[in-house]
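Just so you know, ligand 1 is whichever comes first in the structure, and atom 1 is the first atom listed for that ligand. The basis for the numbers below is simple: all heavy atoms, side chains too, and nothing from hydrogens, waters or symmetry mates.
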Amino acid sequence: MKKDVTLKGYFGRFGGTFAPETLMPALNEVQHAFDAFMKDQKIQSEFKDLLEKYNGRETPLYFASRLTKKLGGAKIYLKREDLNHTGAHKITNALGQALLARYMGKKRLIAETGAGQHGVATATAAALLGMECDIYMGTVDMQRQRPNVFRMNLLGTRVVPVDSGGKTLKDAVNEAMRDWSKTVRTTHYAFGSALGPHPFPTIVREFQSIIGKETKMQILKVENRLPDTIVACVGGGSNAIGIFTPFLDDKDVKLVGVEAGGCGLDSNKHAVRLTHSDLSRTGILHGSFSYVLQDKNGQISDTQSISAGLDYSGVGPQHSFLHESGRVDYTYATDTEALDAFKMLCEYEGIIPALESSHAVAYAVKNAPLMPSGSIMVINLSGRGDKDIFTVADYLGINI
Ligand SMILES: *Cc1c(COP(=O)(O)O)cnc(C)c1O
């Protein structure tokens, strides 16, 4: 397999730094600071301590015995990222980036948010470190995700409404980039996924790869061997690249990324960018070259998914590379399949999973029974589903 570190920030032909001239010095500064940050033992031990005592790392690797029995076939383990503080893997990256910002002498954090999860994680990290924080959010998303807007406010963060374009995530990223280009001296932009211009896809991957490192040690301890399959959902791609990274060179471990199939591929209402890359095209979105859902004139397509966290037309550049190199298999689960998997995990394991994570569970529901008994599948359970109960009730036609 071709290694990723060739030209600056390229994964094969994907990635790069497609940013306005005004941001280039800032991106360079972040790159240099990040290199120093990773080598600085003092800050690394502070980070480790926070992850342990504040986040609740390491997160457990849990053998889902009732789900395994129900499905037959592979033994299913859940990597319990839902047990992180604030309920998902995102806080690990947010804390890392907040520490990095402080390390650079910046006093203010900004970020984009769609559903509000990354906004809440960043607001949490900002409160913890006593930093100023502004979160850009489309007005449509603000309306849909009012509880998260309130959460951010409670944490002392200002939510900046974005009224341009479709008034959702893509527009929020544009506005946050605009802010950053004017405020780079005081401000760090904490990207929420393995996206954006170099060095962000690498920074987010490095912070999240603790998921895979823990998983590897944990599975070796209980099973004395590596898993046969690891599966994760793919929005921007941070929880997936986090669990995959330490296994990329273990060729016998099958890695599977699950995208949001929404209402199905024929409906045009989905966020499938890689599985059928004929539906998608390569292009530049938010600072890097990757697969992007767009029409033949290059207009970014609208996406749809029951899970807000997977509802994005771009995808992290390293995933585009891993798709083309064939190291990772990409597939999708529809809204209906994700909902069925959601219910199954509730009823068989007493765990209410995030709708995003339910897409990975849906893969297991379909594929674990086809694997020989004694084989091992690990699902990255990226988050908990408390935030999703109203959406689920709506889909089921239940008034709560
Ligand atoms: C945001 C989110 C995702 C999608 O983001 P990635 O960067 O693809 O990991 C997945 N699961 C949960 C619980 C999320 O909050």
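The closest donor-acceptor contact from the side chain of Asp335 to the backbone of Ile306 lies under 3.5 Å. Judged by distance alone, the side chain of Ser290 and the main-chain N or O of Ser320 form no donor-acceptor pair under 3.5 Å.
Of all atoms in ligand 1, listed by their number and element, those nearer than 4.0 Å to a heavy atom of Ala354 are 13 (C). Close contacts of ligand 1 with Cys233, meaning ligand atoms under 4.0 Å from a residue heavy atom, involve 10 (C). Under a 4.0 Å criterion applied to the non-hydrogen atoms of Gly383, ligand 1 contributes the atoms 13 (C). Residue contact check: Gly237 has heavy atoms under 4.0 Å from atoms 6 (P), 7 (O), 8 (O) of ligand 1.
Residue-ligand proximity: His89 is placed with a non-hydrogen atom under 4.0 Å from ligand 1.
Taking the six-membered ring where the residue is Trp, the centroids of His85 and Tyr54 are separated by under 6.0 Å. Under the 6.0 Å cut-off for aromatic ring centres, Phe11 and Phe321 do not qualify, their centroids lying 6.0 Å or more apart. Within the 6.0 Å centre-distance limit, the rings of Tyr291 and Phe14 are counted as a close aromatic pair.
Looking at ligand 1, you won't find any N or O of Lys387 less than 3.5 Å from one of its N or O atoms. Considering backbone and side-chain N/O of Ser382, one or more are found under 3.5 Å from N/O of ligand 1. Not a single N or O atom of Ser357, backbone or side chain, sits closer than 3.5 Å to an N or O atom of ligand 1. Of the polar atoms of Lys90, at least one N or O is found under 3.5 Å from an N or O of ligand 1, judged by distance alone. Considering backbone and side-chain atoms together, Gly235 places an N or O closer than 3.5 Å to an N or O of ligand 1. Geometrically, ligand 1 and Gly236 share a nitrogen or oxygen pair separated by less than 3.5 Å.
Neither side chain, His276 nor Tyr330, offers a donor N or O lying under 3.5 Å from an acceptor on the other. Judged purely by distance below 3.5 Å, without hydrogens or angles, the side chains of Asn55 and Thr92 pair a donor atom with an acceptor atom.
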Report task. Step by step, work out the side-chain contact (heavy atoms from CB on, under 4.5 Å) result for Cys233 and Ser382. Result -> CA-CA 8 Å; Cys233 64; Ser382 53; 3.8 Å; yes
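Of the candidates Gly116, Ala121, Gly309, it is Gly309 that places a heavy atom closest to atom 4 (C) of ligand 1.
Contact annotation for His118 and ligand 1: no heavy atom of the residue comes within less than 4.0 Å of the ligand. Counting heavy atoms closer than 4.0 Å to ligand 1, residue Ser238 contributes atoms from both its backbone and its side chain.
Ring geometry, Phe289 versus Phe18: the interplanar angle falls from 30° to 60°, so the pair is classed tilted.
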